[in-house]
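Below is one structure. I have some questions about it.
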There are 2 protein chains.
Amino acid sequence: MKIAIAQLNYHIGNFEENFGKIKHAIADAKAQGADLVLFAELAVCGYPPRDFLEFRDFIEQCRQTVERIAAEANGIAVIVGAPSINPRPEGKDLFNSAYFLANGQITHIAHKALLPTYDIFDEYRYFEPATDFATVPFMDRRIALTVCEDLWNVGNDNPMYRSCPMESLSLEHPDFLVNISASPFDYGHAADRIRVLKANAHRYGKPIFYVNHVGASTEILFDGGSLVVTGEGAVYDELPYFKETVKVYDLDAIHAYQSSDKVQPKDKIALIHDALVMGIKDYFQKLKLSQAILGLSGGIDSALTLVLATRALGADNVKAVTMPSQFSSEGSVSHSQELANNLGCKMETIAIKEIYEVFISKLAPFFEGLSFNTTEENIQARVRGVLLMALSNKFGYILLNTTNKSEAAVGYGTLYGDMAGGLAVLGDVYKTEVYALCRYINRDAEIIPLSIIDKAPSAELRPNQKDADSLPEYDLLDQVLYQYIEQRKGPKELVEMGFEKALVDRILRMVNINEYKRFQTPPILRVSPKAFGMGRRMPIEGKYLS
Amino acid sequence: MKIAIAQLNYHIGNFEENFGKIKHAIADAKAQGADLVLFAELAVCGYPPRDFLEFRDFIEQCRQTVERIAAEANGIAVIVGAPSINPRPEGKDLFNSAYFLANGQITHIAHKALLPTYDIFDEYRYFEPATDFATVPFMDRRIALTVCEDLWNVGNDNPMYRSCPMESLSLEHPDFLVNISASPFDYGHAADRIRVLKANAHRYGKPIFYVNHVGASTEILFDGGSLVVTGEGAVYDELPYFKETVKVYDLDAIHAYQSSDKVQPKDKIALIHDALVMGIKDYFQKLKLSQAILGLSGGIDSALTLVLATRALGADNVKAVTMPSQFSSEGSVSHSQELANNLGCKMETIAIKEIYEVFISKLAPFFEGLSFNTTEENIQARVRGVLLMALSNKFGYILLNTTNKSEAAVGYGTLYGDMAGGLAVLGDVYKTEVYALCRYINRDAEIIPLSIIDKAPSAELRPNQKDADSLPEYDLLDQVLYQYIEQRKGPKELVEMGFEKALVDRILRMVNINEYKRFQTPPILRVSPKAFGMGRRMPIEGKYLS
């Protein structure tokens, strides 16, 4: 038997385009002699469709698209993910389902039982968990057909669910497992995925075909990396990261495979780099936009963002703007120009001193006798925001936000100023990781001028300002932030780990009192297991640790 | 037996303050002769605690606070809501529990079974649903103790859950029902609540004591309205809306009650008014802020916001600013001044023409040959945003956003301009409801000048601009928006209802392509069953209907 995996990039609610891609991949797989072709979880409507699932019309369009796909399932069987309607009045109205299509018909529907409802996932918001399970007969074999999370409850010390669908399915002695997924990227996820599939192969002793999404849905990135694992738990193949691929496998060859894992390198920084480039590219493509704009400060965050943007969109499609003030260092313009030249990118310069001074003069009657403070700093940042948004509005550029995760965490940024933008490229990348990404980009040549990388971080909003005046050193800050945000360690645990109590209290307080700022920031490309945004939901006026 | 209901205003994560309030209410109830006092769902930590629940330290503080409350339960029993730890490894790590405290001890814990995971609710994100149920013995009686949603699955045509906890509990023949809730306000919710409790009383034939939160958790408002319902389904008492109250009831008197429902008036507009005032007040109080600022345009939205703010914070604590441009009508300043005078509020004037012109001159090299369009309009709105935020930063005022729901829906507003602010007061109030609120405020005297109410809505960002140039008439717009947003009617259903197809397509497209704007707006005080924000989750780059 030959089985094809179609790892595709779907667009939420773009039924016509998704159908077109699926149809094309079915034809491709058939041409390559496949008996069965696999598409991902909710491939028909894209993932995550969110509250579109509450519209009957949307569900109807899903159904119609499944029927159009079924009509293509001739001479080849198809497995594809789409919502289906729960026929019982009790429970949620929908299931998250895997459709088995053969001979032009829907011949079987398997529903997802384990509904991820944590981090960025809201599946129990929409779906009823399955309670009945049956294998799918196909060409004298039985397939254990599961959806994503249904395979993730195996061998866990502290399983998140009471049930395990594969335990039920295994009673019917399936010949192989199919898992259709929409499993978002983070820098550790490809390794996790392999670990979980291997655990299933060891437990059930059967080959597994795993198909994932690839591409970005705004902040949620999918890396692909679909897998074929043998019944002995060896990785027979891992599909490319960040790339649409259709590939056909021979079941006999998988059974016969006795060698070691065929996997790709999983360098954290390289993965983040590729994920961010894809995230920018897909955001623009799916919104039918082409041109980006960003402010270059002469610092490392905007430099890195510019490199990533040019790689995603092409240098011709990215406009860099430098907006020096009286507090800007000479390098803020010259280093920015050097970078833009290296990238072949056009840079404009708009001095903000005059605008800033008009604001100050208009506010003088109110501010009389009060000294320069963050108010005046914020005015500069906001003047830059207004200028960038004006260029954005006039020419259709999308403003890229360059705030990094360390700054976003502690609120070191100006709302409506440097926190503005349509998409936050680095909002899930700690400052120390920003440095690592720059070194990665410069591994063969000095693309980002060393003058930018080596200077001490500064917002340049007052004379001789340095980030270190207001914040702990980034090496230390990022360690505490990682333990608090990603690992959810509380204050006592952090102190037990060896961090100073005063430092811990200061940082946790900064994080918590700045929820109001993060509430209003653009979507952040998610590359870690815990990004700001939908995956981290905090009360604005919570008193805890603030 | 005497039973007290303590309807209190809790602060998320403020264990010390919540404990203090609970302790005080226990003493109060005891002094009034109560045998049992009831506190709301998750009273110990406030609702919704969101991802604080993922911190072991937070859960530990909940536990310690429950133990401190137990120590107060002497000579009186206490029911109070708090999370508890799921002792089984399988399933989520927590339950959403009702603790029964007596003789200084925890004597019973009942867990919530039906976990709302829709709209603003994310309970399955954190909690495992209960599967075992037992009544609580107390003073020769048996109490069916349930948490919020557990009573909401009765007599529904299309129930959201497969199970019904009260069906299990009723097998033990309870003498009365207790339901501890955190049931957020919307303008129809008090009536819904009564309907559901009556349905339970009719089904189980026993009195019900229902205790709710009162107060605001940022955007989520609780109106109180706790209830006592007789076994025959009559409302014996409904506690006040928007007010902390402790009240004691005699069970015998409830059994003897034969009269009709004692309920409060439920005028939609009056409820919205009171809810918004409470929402502003609590936002400031819980964040330890006192002063607000807002821009007065001379239009109805900012006028209404100013009235609500002065009612919440006092006229001395609200700073109004008018920022006329060359496009502003004469009335924009004079009508605003008249309103400020009526309210006893101080108003400042800052003309923006000069600042606007500096921006335009700085952008002239880029904009050469291009005509005036929304870019220049947005610059004006953003200049005002920068000025308001500068005053906010310098003096600690919190900027109130004045965008209404109709504008937010169709994206008729400027990001970082009039869409800026710490809290959006009217973001869940349609334009037609804004008018109704103004008439309500003026019911006895002309507080909001009729000149403001009667003028045609205009952003005044270009000569002779009117909202009606860009938008359908509000009467019609709001009807379509309500059906699409609150009622989740799709395009075909809307046309079937009699709306013109071209109009429907235009409005739905405007709503959907502006998700990116709403993603970055301040928290919106929720007064309807479907507000923008956490309760409505839409993909930014979804293609559906856009």
Side-chain angles (χ1 to χ4, degrees), chain A residues 11-14 50-52 54-58 89-92 117-118 124-125 158-160 162 217-218 286-287 350 354-355 358-359 362-363 366-367 370 374-375 378-379 382 385-386 389-390 393-394 416 420 422 488 490-492 516 519-520 522-523 536-544, chain B residues 11-14 50-52 54-58 89-92 117-118 124-125 158-160 162 217-218 286-287 350 354-355 358-359 362-363 367 370 374-375 378-379 382 385-386 389-391 393-394 416 420 422 488 490-492 516 519-520 522-523 536-544:
Chain A
H11 185 183
I12 294 167
N14 196 340
R50 303 205 195 272
D51 288 2
F52 280 144
E54 298 185 351
F55 287 83
R56 242 189 285 181
D57 178 68
F58 188 87
E90 301 83 22
K92 303 272 185 176
T117 305
Y118 54 82
Y124 184 61
R125 184 174 171 91
N158 179 18
M160 206 182 288
R162 285 183 180 168
S217 294
T218 311
K286 290 181 179 177
L287 284 168
I350 313 178
E354 212 180 320
I355 306 175
V358 181
F359 270 111
K362 285 285 165 192
L363 288 162
F366 305 95
F367 289 4
L370 298 171
T374 49
T375 303
N378 286 333
I379 292 173
R382 292 195 177 110
V386 176
M389 288 305 296
N393 291 162
K394 203 58 143 188
Y416 322 132
R488 269 149 291 169
K492 289 192 199 77
Y516 78 100
F519 192 96
Q520 298 189 39
R536 188 172 181 276
R537 303 178 190 170
M538 287 291 182
I540 286 182
E541 36 85 307
K543 173 73 180 160
Y544 178 64
Chain B
H11 185 183
I12 294 167
N14 197 340
R50 301 207 196 272
D51 288 2
F52 280 144
E54 298 185 352
F55 287 82
R56 244 190 281 180
D57 178 67
F58 188 87
E90 301 83 24
K92 302 272 187 177
T117 306
Y118 54 82
Y124 184 61
R125 184 176 171 91
N158 180 19
M160 207 182 288
R162 286 182 180 169
S217 295
T218 311
K286 291 182 178 177
L287 284 169
I350 313 177
E354 212 180 319
I355 306 175
V358 181
F359 270 111
K362 285 286 166 188
L363 288 162
F367 289 3
L370 299 171
T374 50
T375 303
N378 286 333
I379 291 173
R382 292 195 178 110
V386 176
M389 286 306 295
L391 292 163
N393 291 162
K394 203 58 144 189
Y416 324 132
R488 268 148 293 170
K492 289 192 199 76
Y516 79 99
F519 192 96
Q520 298 188 40
R536 188 172 181 276
R537 303 177 190 172
M538 286 291 184
I540 286 182
E541 36 85 308
K543 173 73 180 160
Y544 179 63

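Since this is a predicted model, take the numbers as computed values, not measurements. A, B, ... follow the sequence lines: proteins, then strands. Residue 1 opens every chain.
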**Prompt:** What pairs with A:R56 under side chain to side chain contact (heavy atoms under 4.5 Å, CB included), at least two apart in sequence or on another chain?
**Reply:**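 Counting only residues at least two positions away or on another chain, A:R56 forms a side chain to side chain contact (heavy atoms under 4.5 Å, CB included) with B:E493.
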**Request:** Check side chain to side chain contact (heavy atoms under 4.5 Å, CB included) between B:K543 and all other residues, then give those that pass, not counting sequence neighbours.
**Result:**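 Side chain to side chain contact (heavy atoms under 4.5 Å, CB included) check on B:K543 returns A:H11, A:N14, A:K288.
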**Prompt:** Would you call B:R488 and A:D51 a salt bridge, using N to O less than 4.0 angstrom?
**Reply:**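 Salt bridge absent between B:R488 and A:D51.
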**Request:** With a 4.5 angstrom heavy-atom cut-off, could you sort out which part of B:L363 is near chain A: side chain, backbone, both or neither?
**Result:** side chain
**Item:** Atom group of B:I355 that falls short of 4.5 Å from chain A, counting heavy atoms
**Value:** both
**Message:** If you compare all heavy atoms of A:Y124 against all heavy atoms of A:K92, which two are closest, and at what distance to 0.1 Å?
**Reply:** O-CE, 2.9 Å
**Prompt:** Can you tell which of B:P491, B:G490, B:A390 has the highest number of heavy-atom pairs within less than 4.5 Å of chain A?
**Reply:** B:A390
**Interatomic distance, A:M538 atom CE to B:E54 atom CD [nearest 0.5 angstrom]** = 7.0 Å
**Request:** Count the heavy-atom pairs under 4.5 Å between each of A:R50, A:K394, A:E90 and chain B, then report the option with the highest count.
**Result:**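 Maximum pair count with chain B is reached by A:K394.
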**Message:** Please identify, among B:K492, B:M389, B:R536, the residue contributing the most non-hydrogen atom pairs under 4.5 Å to chain A.
**Reply:** B:M389
**Most chain B-contacting option - heavy-atom pairs closer than 4.5 Å, from A:Y516, A:Y118, A:Y416** =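 The answer is A:Y416.
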**Among B:N158, B:V358, B:T374, B:T375, residue most engaged with chain A (heavy-atom pairs, under 4.5 Å)** = B:T375
**Request:** Could you tell me which of B:P522, B:G422, B:S217 has the largest number of non-hydrogen atom pairs under 4.5 Å with chain A?
**Result:**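 Of the options given, most contacts go to B:P522.
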**Request:** Would you kindly say whether A:D57 and B:Y544 are connected by a side-chain donor-acceptor distance under 3.5 Å?
**Result:**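 Looking only at side-chain atoms, B:Y544 and A:D57 do form a donor-acceptor pair, the distance falling under 3.5 Å.
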